[in-house]
Number of protein chains: 2
Amino acid sequence: MKAKLPPRTVERLSIYRRLLDKYKDLDEAHIHSHKLAALLNLTPEQVRRDLMLIGLTGNHRKGYNISALIGLIGDTIDREESQKVALAGIGNLGKAVIGFIRKSNTRMNVVAAFDIDKNKVNTRLAGVPCYEISQAGKIIHDEQIRIAILTVPPEAAAETASLLLDSGIKGILNFTSVHLDVPPHIYLKDYDIITSLEEIGFFITD
Amino acid sequence: MKAKLPPRTVERLSIYRRLLDKYKDLDEAHIHSHKLAALLNLTPEQVRRDLMLIGLTGNHRKGYNISALIGLIGDTIDREESQKVALAGIGNLGKAVIGFIRKSNTRMNVVAAFDIDKNKVNTRLAGVPCYEISQAGKIIHDEQIRIAILTVPPEAAAETASLLLDSGIKGILNFTSVHLDVPPHIYLKDYDIITSLEEIGFFITD
DNA sequence: ATTCATCTGTTATTTTTTTCACATTGCAGC
DNA sequence: GCTGCAATGTGAAAAAAATAACAGATGAAT
């Protein structure tokens with residue numbers, strides 16, 4: 001499996017799944033591309049194309065079977081049963097992210113959190129054990145964690161990132177506004193709150 | 001001014017400015033597209049084209065004048081001196097976002113925060129006054145706030161969003177994983193942490 | 001059983017975004 | 001003042017993404 005999919009499609013698949021997860025308890029067993037598109041401000045064509053790309057075939061009259069859809073998206077974008085994630089930086093943002101992940105029913109699983117503050121260490125945060133950052137190398141290696149979330153202050157970003165990469169991390173979700181210099185085989189995804197805000201500021205119409 | 005720019009370009013312009021803001025204290029007065037591109041994992045062509053689109057002309061030998069660049073980006077993507085922003089939902093995430101914005105030197109300015117929790121109300125959070133959500137309509141209207149950040153729990157998302165829109169908000173940065181149904185003239189930007197994580201999970205290579 | 005409206009699956013088209021390629025420019029060094 | 005290297009500026013090409021268009025399928029209605 002695991003065909004080469006466009007990044008945008010992968011993003012949307014994740015969104016479809018999460019939306020439909022809430023939907024599946026309702027009466028309907030099927031959903032039309034129109035409906036799904038309307039719920040997500042997309043076009044029906046876009047939805048159909050995405051589902052076509054993962055090989056899902058819907059019923060020409062009833063639409064797509066919701067549970068089949070959820071299952072196939074899982075087969076396509078998930079890896080093992082659950083993927084381990086480390087989080088570095090237990091501030092407000094770090095805590096918020098842990099809470100988010102825990103509440104969602106993703107297969108992403110935060111198994112360790114790190115900070116330099118010794119007061120935060122050796123506790124549990126929403127079930128996640130917190131360690132001192134100096135132990136990150138060992139724990140990430142031992143637990144074979146591949147994905148890290150970076151929520152440290154900007155001044156610690158570069159150093160922490162390089163520590164994470166040395167420990168075997170392959171993908172980073174970077175919340176700091178610092179631009180990280182990573183080797184090409186590392187998947188880096190930046191999220192920059194200020195940029196998003198300024199984009200909104202530019203595009204809103206009075 | 002305010003020509004029609006591609007959304008991606010606007011995003012990058014915001015990033016250029018923030019990066020160079022840190023740079024401008026250094027010795028160099030100019031920067032080459034190569035250098036800027038390398039710092040941000042972009043291509044030099046992309047940088048040059050973005051700058052071309054806003055009408056910035058660099059020196060063929062020395063590159064782009066940093067302060068001219070910062071100034072012109074400001075003229076292009078900023079509106080007035082500062083743009084007022086409201087934030088709804090003073091949890092960990094809300095606090096983190098307020099901190100982020102305050103530390104960055106953007107012209108975006110969070111002038112009011114709202115929550116239902118009466119304990120959080122009538123205090124100040126990093127200088128931002130906190131009000132009960134019931135006052136949002138009045139305050140947003142009186143202060144002519146146009147942009148809102150939504151960091152409430154998912155179950156309150158739809159209701160809060162519609163309250164914000166009724167109060168005159170034109171653009172929303174949505175951190176809840178709930179999909180909001182907004183009229184076409186509203187600029188909505190969703191940010192979905194889980195989706196980003198799952199995207200990383202899909203694209204990392206072992 | 002047949003018609004019909006409507007939805008899917010997919011090819012074609014358009015639009016957007018990125019990359020390529022290269023003529024042009026400006027400064028350093030001779 | 002030349003000469004040449006190393007930038008920029010930009011049209012053209014390519015790639016990626018979104019949209020349109022429509023043939024074929026299917027269940028509902030008659």
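Letters go in sequence order (proteins before strands), and every chain restarts at 1.
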Next item on the list: Using whole Å, report how far CG of B:Asn65 lies from P of D:dT8.
Entry: 13 Å

Next item on the list: Check whether the side chain of A:His60 and the base of D:dG27 form a donor-acceptor pair under 3.5 Å.
Entry: no

Notebook entry, point to check: Are any of A:Thr57's side-chain N or O atoms less than 4.0 Å away from OP1 or OP2 of C:dG9?
Noted result: yes

Checklist line | Listed nucleotide nearest any side-chain atom of A:Arg61, set C:dT6, D:dA7, D:dA20 | finding: C:dT6

Note to self: Using modelled atom types and a 3.5 Å cut-off, is there a donor and acceptor pairing between side-chain atoms of B:Ser196 and backbone atoms of B:Asp192?
What the structure shows: yes

Notebook entry, point to check: What are the two closest non-hydrogen atoms of B:Gly55 and B:Leu72, and how far apart are they?
Noted result: C-CD2, 3.9 Å

Margin query: Looking at A:Arg48 and D:dT19, is any side-chain donor or acceptor paired with a base atom of the opposite kind under 3.5 Å?
Written below: no

Notebook entry, point to check: Among C:dG9, C:dC20, D:dT19, which is the nearest nucleotide to the side chain of B:Glu45?
Noted result: C:dC20

Checklist line | A:Tyr191 and A:Asn174: side chain donor to acceptor below 3.5 Å | finding: no

Checklist line | Separation of D:dA20 C1' from A:His34 NE2 (nearest whole Å) | finding: 13 Å

Next item on the list: Round to the nearest Å and state the distance from A:His30 atom NE2 to D:dG27 atom P.
Entry: 9 Å

Item checked: A:Pro6, nearest nucleotide to its side chain (from D:dA17, D:dA12, C:dG26) -> D:dA17

Notebook entry, point to check: What's the CG-P distance between B:Leu51 and D:dG9, to the nearest Å?
Noted result: 8 Å

Margin query: With heavy-atom distances below 4.5 Å as the criterion, would you say the side chains of A:Thr195 and A:Ile193 are in contact?
Written below: no

Notebook entry, point to check: Can you tell me how far P of D:dC5 sits from CG of B:Asn59, to the nearest Å?
Noted result: 19 Å

Note to self: Between C1' on D:dA17 and NZ on A:Lys4, what's the gap in Å once rounded to a whole number?
What the structure shows: 14 Å

Note to self: Nearest to the B:His32 side chain among C:dT18, D:dT8, D:dT26, which nucleotide is it?
What the structure shows: D:dT8

Notebook entry, point to check: Could you state the CE-C1' distance from A:Met52 to D:dT19, rounded to the nearest angstrom?
Noted result: 14 Å

Notebook entry, point to check: Considering only side-chain heavy atoms of B:Pro7, which listed nucleotide, D:dA18, C:dT11, C:dT17, is closest?
Noted result: C:dT17

Note to self: Under 4.0 Å, heavy atoms only, any strand: does A:Ser33 hit a base, just the sugar-phosphate, or nothing?
What the structure shows: sugar-phosphate

Check: Are A:Asp117 and A:Ile90 side-chain neighbours, meaning at least one heavy-atom pair lies under 4.5 Å?
Finding: no

Notebook entry, point to check: Contact class for B:Pro44 vs. all strands (heavy atom < 4.0 Å): base, sugar-phosphate, or nothing?
Noted result: nothing

Notebook entry, point to check: Over how many whole Å does the gap from B:Glu11 atom CD to C:dT18 atom C1' extend?
Noted result: 15 Å

Notebook entry, point to check: Want to settle it: does B:Gly63 or A:Lys62 sit nearer the 5' end of DNA chain D, counting the closest nucleotide to each?
Noted result: B:Gly63

Note to self: I want to confirm an ordering. Mapping A:Arg49 and B:Arg49 to their closest nucleotides on DNA chain C, which one lands closer to the 5' end?
What the structure shows: A:Arg49

